[in-house]
Every structure is written in structure tokens, then in C-alpha cells.
Undergrad: 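Submitted below is the structure of interest, expressed as C-alpha cells.
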Amino acid sequence: MAPLRTNPTTALATLRHHLEALKRLVHDVGPIEGVKQLSGRLEQLHKEASGRGCWVELSFSPELDESDLAAIQPSLGWADPSQQTLLGLWGNAGAPNPPIAAGEDLRLSASLAGVRRIQRAGAAQAPVLVVVWPRSSTGPSQDQTAHLERSAQGRALTVLLSISTQNEPTQTVEPAQDVSSPTDSHQHQHSLAPATAPVADPASTATSATTMQPWQRSLLATLRQASLSVEQLQPPSETTVNSLLGSPTWKPLWNTLTASSLASAVEASAGVLRQLLSQEERGLVGKKALVQTQASQPATQLTAAQAPKLLAAVRDQLQREFGELERSLRDRLKSKLMPPTAPVWERSQQLLQELSNLQREERARTLATSIPADFEDRLLSELSDAITEACTADLVALQDLSQGLEEDIEARVTAAGGPPVTINIVQLTADRINRVASGSLHFQRTYRGELPRPGVFEYVMIARRSQMILFMMFSAFGLTALRSQAHLMVPMGVLLLAGGGVFAAQRVRRERVENLEKELQKAREQLSTEVKRQLNDVCRAWSGVLAEHLTTQAKDIVEQVDNTLRQFTASSAIEEAEGKQLLQSQLQGVESQNRRLAAPTRSLEQLERTLAQFRGELNQLMLGHCREQMQKAKIQKARAEASATGRPA
């Protein structure tokens with residue numbers, strides 16, 4: 001593709017030529033990820049390249065509001081749009097909006113300075129940016145300045161329109177200084193004062209028209225670094241944005257401006273296509289390497305000769321894992337249930353200490369005692385809950401081990417080249433725990449005891465002991481003659497009987513407490529023996545249930561693995577041959593795709609070089625035209641001065 005010479009007349013035609021070339025490349029690339037979206041953007045660019053006029057984007061200051069539109073309108077100089085059109089632009093300034101027509105040769109869009117918007121790669125932007133900012137403002141903030149610099153990046157023309165709004169106060173400004181650079185002859189300042197511009201004081205018109213604040217000079221310097229060309233409009237002046245764009249300097253360059261903006265978008269779209277092609281090529285390289293590696297690897301599938309060794313390894317693993325689990329669960333259950341330090345045993349002993357009364361049944365001379373039924377029920381209920389909790393923990397541990405063991409066996413079989421095998425270990429349910437508990441928690445021996453039956457005779461017999469002791473002393477010392485002394489013996493007998501009665505009352509109460517405590521201790525000891533037997537029965541029964549369950553599950557798992565391996569080894573040879581054939585087909589497909597993408601890649605590289613050269617020609621065309629117009633303006637000015645002074649030009 002030979003590069004074409006560019007001029008304002010053929011700029012858009014040349015651009016459309018490059019755009020068509022890029023569309024053909026996109027079509028040749030085919031259906032890869034992201035190309036469909038890129039094709040839609042290219043169609044939009046084609047519509048933009050077929051349009052007429054100049055596209056201008058207004059970047060409003062956030063300090064402006066709707067009431068300032070009346071002050072902005074004269075500075076724009078557009079007979080159409082109307083006030084409603086500006087209101088619509090202002091209302092959508094914070095969000096992306098398509099350009100709207102403003103007269104025959106002008107299209108407008110708007111943005112809000114400082115509001116970041118997403119600019120998709122390959123999307124066109126207006127070649128002319130007009131920054132509308134109040135002249136009396138303190139100027140844009142640092143973030144707003146950075147945003148304006150990004151907005152002006154790549155623009156063919158940026159115009160700083162510093163206006164006086166309706167409600168802004170008059171501020172003191174500094175004398176104007178030359179903001180143009182000797183080396184940037186295409187960047188100049190317009191500051192003419194028309195009579196139609198709204199000003200607060202006619203006396204200050206000349207001053208405000210020829211003055212510029214520090215923030216304006218700083219912002220102009222920033223915009224120069226980002227935009228190809230920069231203009232400064234500072235109303236009141238005869239120059240408006242419309243008259244500036246329609247001036248001999250810029251009117252002939254409208255097609256060039258549009259072509260420059262769209263060329264940037266086309267070049268960005270070409271860069272997106274290059275990235276898509278690079279990504280697709282990297283993916284194909286990786287896919288080809290993967291296919292080659294798979295094709296060169298030896299067969300890793302399990303053979304019929306290797307299956308018995310794998311099955312034996314699975315059987316050994318099951319025996320080892322299940323054996324360790326059975327011993328671990330048995331030891332843990334004993335540590336929770338059996339004396340002397342098990343929590344369940346200690347809790348049962350605490351409950352036995354709470355036994356403070358016995359059930360009594362009156363007999364002829366004694367009271368038959370037994371353990372209250374509600375206490376036995378409470379003890380059995382507490383033991384059942386504790387045993388259920390301990391065995392449930394065993395079920396959780398069994399479930400966790402089963403899940404891990406299933407994954408280990410499946411991974412072992414897969415790693416050995418076997419097929420994906422699904423191991424299903426049946427889990428014990430809580431119903432087995434209930435059956436073990438109900439079969440073990442019952443009392444084989446019932447406690448039976450006796451207590452003396454209380455009565456008046458018991459008190460009388462204890463009370464007369466003091467009298468008997470006195471009479472025995474009389475007999476031992478030969479004082480039996482004193483028994484005939486009634487005046488001594490009667491009072492003494494009464495006193496002894498009364499003292500014996502008091503002693504009997506205390507003695508009987510103490511003996512009853514002691515006898516009851518002895519019976520309670522006997523009952524506790526018998527219950528403790530029964531609880532120990534019950535816990536031992538639970539441990540033995542639950543361990544048997546676990547051992548039987550694990551043995552059955554190990555046998556079932558071995559059968560599952562054996563059946564799966566038999567079916568797999570029977571068809572492994574056929575599958576291996578089909579896999580190699582499939583890999584060969586994939587490799588051929590990858591190589592075909594690589595060959596198909598080679599030609600578009602080379603064409604894209606050449607197109608990118610052509611686009612870069614085309615953009616350079618557009619820039620040189622605009623710069624040369626601006627310099628030519630400025631040179632003409634200098635010659636006309638020199639001639640006018642010579643004519644006024646009478647000297648030869």
C-alpha cells in the first residue's frame with residue numbers, strides 16, 4: 001500500500017481509504033474475541049468520516065450554571081443553536097453524549113471539566129475543544145487542570161474561552177503579557193473588543209480586553225503541551241468561536257481537522273486490532289505447545305497389568321486408615337466414658353452425690369428403702385445424652401475421614417492413569433447410636449436396704465438406760481439399801497428419766513441421720529457399679545458396630561474400584577488411539593490458524609506505518625497553513641503601516 005499525498009481536499013478521502021483498508025483487515029482476521037466490537041466502532045468512524053462540517057466539543061467550567069448560558073451565547077457566535085440547544089448540551093455535560101447539529105456546518109457536544117469519562121480505544125473525539133471558563137475565576141484546580149490537559153491531548157485545535165458571566169463580580173487583573181512563543185507561531189491570542197459584547201463598565205473594556213490573569217497563562221501553557229494548536233479568546237472582542245473557526249486560518253482546514261481527529265481514532269483502532277492479533281497469536285502458540293507436549297508424551301493410561309497392583313494399594317490403604325480410625329475412636333470413647341477421669345463418669349458421680357433421699361416402704365419392724373424411680377430415670381437420661389453426644393462426634397470424625405479417604409482414593413486412581421472413580425462410603429446414622437444406648441443403659445441389679453422403724457418405744461428404751469446405769473452402780477458398790485429410800489429414789493429416778501429422754505431425742509435423730517447416710521452410700525456404690533458396667537457395655541457395643549461397619553465399607557470400596565478398573569482397562573487401548581488422532585487434528589488446526597493470521601498481521605503493520613505518516617502529513621499541513629496565514633497577516637500589517645506613514649512597504 002503506497003502512501004498518498006495529503007491536501008485539505010483529499011484529507012477525508014484518504015482517511016476513508018485507510019479506514020476501508022482496516023475494515024478489510026478486520027474482516028480477514030475472522031471471528032476472534034473482541035473483533036465484533038471493533039467492527040462496530042469502525043462502522044461508527046465511517047459515518048463520522050462521511051459527515052460534513054466541523055465537530056466542536058464544549059468543556060464547561062463547573063462554576064457555570066444555566067443562568068450563564070445567556071452570557072456564553074454571544075461569545076460562541078452561533079446563530080443556531082438556540083438557547084434550548086445549549087440547555088440540552090449543559091444538561092448532558094456530565095455524561096457522554098453524541099454530537100448534535102448546530103447549523104449547516106457545525107456539530108456540538110459537551111463535557112464538564114473535572115468529570116472523568118471513559119474514552120474507549122478507537123472512539124473518535126471532536127478535533128476542536130473549547131474550554132469555557134469564567135475570567136474572574138481563580139482558575140481550574142489541579143485536578144481540573146490535569147483533566148483539561150487529558151481532554152486536549154491529541155486535539156487539532158484547543159480554544160480557551162475566558163468569559164464574563166452575568167453574576168460575576170469585577171476583579172483586578174494583571175497587565176497582559178505575550179503568551180505566544182517564538183517557536184510556536186501557530187499559537188496566538190485573539191483579544192479584540194466588539195460593541196456587542198456584554199460588559200459591566202465601558203471604561204474598563206479596553207483594560208479587560210487586553211489583560212490576562214496568571215491562571216490563564218498557566219492553563220494556556222498546559223494546553224500547548226497537549227494540543228497541536230491553541231487559541232485564546234477573551235471577550236469582549238469581535239472574534240467569537242464561530243468567527244474563529246470560519247476565519248481564513250481555520251475554515252479551509254475543517255476537513256483536515258476532522259481527518260486528523262478520525263485518523264487518531266483509526267490509528268487507535270489499528271492498535272486494538274494489533275493487540276487482539278497478538279493475544280490470539282500468543283494463545284495459538286501456547287495451544288500449539290500444549291498439543292505438541294501432549295502428543296509427545298507416552299501413554300499414561302492404566303494398563304491391565306498395572307490394575308492389580310493399584311487395587312492392592314487401595315486395599316492396604318483402606319485397612320490402614322480404617323484400622324487407625326477404629327483404634328482412635330475406641331480410645332477416644334473410653335477417654336470420654338470410662339473411669340476414673342472421663343467426663344461422663346465424673347458427671348455420673350456428681351449426679352450420684354445429688355442422691356439425698358431414698359424411697360421408703362413401711363414394714364412390721366423396719367423401713368424398706370430403694371432408689372427413687374425419677375432419680376434412676378434422670379441418671380439414665382443424662383447418660384444417654386452424654387453417650388449420644390460422644391458417639392455423634394465419632395460419626396462426624398468417621399464422615400470427615402470418609403470424605404478425605406474418598407478423595408485420596410480417587411486421586412490415587414487418577415494419578416496412576418486410571419479413570420475417574422466415584423467412591424461412595426455409606427455413613428452410620430443416629431439410629432444405630434440409639435439402639436446401642438437403649439440396649440446397654442438399664443439396671444441389672446436394684447438396690448434394696450432397711451432402716452429402723454421410728455416409734456415411742458425406741459425413745460423409752462434409750463431414756464431408761466440412765467436409770468439402769470445407776471442401779472448397776474448401786475449393786476456394784478453394795479448400796480442396794482438406798483433403793484428403799486423413796487424420798488431419795490423418786491426424785492432421782494424422775495431426774496434420770498427426764499435426762500435420759502433428752503439424750504434419747506438427740507441420740508435418735510443422730511442415729512437416723514447416720515443410718516440414712518449409710519444406706520445412701522450403699523445405694524451410690526451400687527449405682528456406681530451399675531453405671532460403670534453400662535459404660536463398659538456401651539464402649540464394647542459401639543466399638544463392635546464401628547468395626548463391623550468399617551469392614552463392610554472397605555470390602556464395598558474395593559469392589560467399586562475393581563469393577564471400575566476392569567471396565568476402564570477393557571477400552572483404554574481404543575481411547576488412546578482416538579486421543580492421538582484428535583491431538584494430531586488439533587495441531588493441524590492451530591498451524592492453519594497461524595498461517596491465516598500471518599497475512600493480516602503483515603498488512604496491519606504496513607497500515608500502521610501509513611497511518612503514522614498520514615497523521616504527520618496532516619499535522620504538517622495544518623502547521624504550514626497556520627504559518628502561511630500568519631505570514632500573510634504580518635505582510636498586510638506591514639503594508640498598512642507603510643501606507644499610513646508614507647514609507648515604501
Side-chain angles (χ1 to χ4, degrees), residues 1-6 11-50 118-125 153-154 259-298 576-619:
M1 183 185 299
L4 303 177
R5 299 301 301 173
T6 305
L12 283 178
T14 304
L15 173 70
R16 288 192 293 269
H17 178 76
H18 295 324
L19 184 57
E20 289 295 335
L22 182 59
K23 291 172 63 176
R24 287 194 298 271
L25 285 178
V26 171
H27 180 269
D28 294 340
V29 165
I32 65 175
E33 185 178 359
V35 167
K36 185 176 181 181
Q37 293 82 351
L38 181 60
S39 179
R41 297 179 194 173
L42 294 179
E43 291 296 334
Q44 183 63 32
L45 290 177
H46 189 273
K47 294 180 181 179
E48 296 290 341
S50 302
I118 298 176
Q119 181 72 22
R120 293 184 177 179
Q125 62 177 359
Q153 193 72 37
S260 176
S261 175
L262 295 178
S264 299
V266 173
E267 191 172 12
S269 300
V272 172
L273 180 59
R274 184 180 66 255
Q275 293 178 359
L276 295 177
L277 290 175
S278 299
Q279 182 177 356
E280 184 70 12
E281 289 175 355
R282 288 194 298 270
L284 291 176
V285 170
K287 186 176 181 180
K288 180 178 180 180
L290 178 61
V291 172
Q292 289 176 342
T293 302
Q294 293 176 351
S296 61
Q297 287 179 349
E576 183 178 355
E578 293 177 351
K580 289 183 178 180
Q581 184 178 2
L582 178 60
L583 290 175
Q584 187 66 26
S585 300
Q586 291 177 352
L587 184 60
Q588 293 175 357
V590 171
E591 292 176 349
S592 176
Q593 291 179 359
N594 273 327
R595 289 192 299 269
R596 183 176 58 84
L597 294 178
T601 301
R602 291 191 298 269
S603 300
L604 181 61
E605 293 175 354
Q606 184 177 359
L607 178 60
E608 286 182 324
R609 292 192 295 269
T610 304
L611 284 172
Q613 182 179 357
F614 176 63
R615 288 193 61 194
E617 291 178 357
L618 290 176
N619 293 340

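Sequential numbering from 1 along the given sequence is applied to the chain's residues. Remember, predicted model here, so these are calculated numbers, not experimental data. Keep in mind that the numbers below use all heavy atoms, side chains included, and drop hydrogens, waters and symmetry copies.
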Undergrad: To the nearest 0.5 angstrom, please state how far the CZ atom of Arg602 sits from the CG atom of Leu25.
TA: 11.5 Å
Undergrad: Between CG of Leu12 and OG of Ser260, what distance do you get to the nearest 0.5 Å?
TA: 11.0 Å
Undergrad: Work out which heavy atom in Ser39 is nearest to a heavy atom in Val26; give both atom names and the distance.
TA: CB-CG1, 4.2 Å
Undergrad: Calculate, to the nearest 0.5 Å, the distance between atoms CD and CG belonging to Gln37 and Leu42 respectively.
TA: 12.0 Å
Undergrad: Within the 4.5 Å heavy-atom criterion, are Val590 and Val285 side-chain neighbours or not?
TA: no
Undergrad: Would you say that Thr601 contacts Leu604 through its side chain, given a criterion of any heavy-atom pair below 4.5 Å between the two side chains?
TA: no
Undergrad: If I take atom CZ from residue Arg282 and atom CG from residue Leu277, how far apart are they, to the nearest 0.5 angstrom?
TA: 10.5 Å
Undergrad: Minimum heavy-atom separation for Thr610 and His18, please, with both atom names.
TA: CG2-CE1, 3.3 Å
Undergrad: Taking atom NZ as the centre, does Lys23 end up with more than 12 heavy-atom neighbours from other residues, nucleotides or ligands that are less than 6.0 angstrom away?
TA: yes
Undergrad: Taking all non-hydrogen atoms of both residues into account, name the closest pair between Ala11 and Phe614 and its distance.
TA: O-CZ, 3.6 Å
Undergrad: Between Leu22 and Ala270, what is the shortest heavy-atom contact and its length?
TA: CD2-N, 4.0 Å
Undergrad: Can you measure from CZ (Arg24) to CG (Leu19) and round to the nearest 0.5 angstrom?
TA: 10.0 Å
Undergrad: Rounded to the nearest 0.5 Å, how far does CG of Leu587 lie from CG of Leu582?
TA: 11.5 Å
Undergrad: Check whether any side-chain heavy atom of Leu276 sits under 4.5 Å from a side-chain heavy atom of Glu280, and report yes or no.
TA: no
Undergrad: Hey, are the side chains of Leu611 and Arg615 touching, using non-hydrogen atoms and a 4.5 Å cut-off?
TA: no
Undergrad: Assess whether side chain to side chain donor-acceptor pair (under 3.5 Å) is satisfied between Thr14 and Glu617, documenting all intermediate values.
TA: CA-CA 11 Å; Thr14 304; Glu617 291 178 357; over 6 Å; no
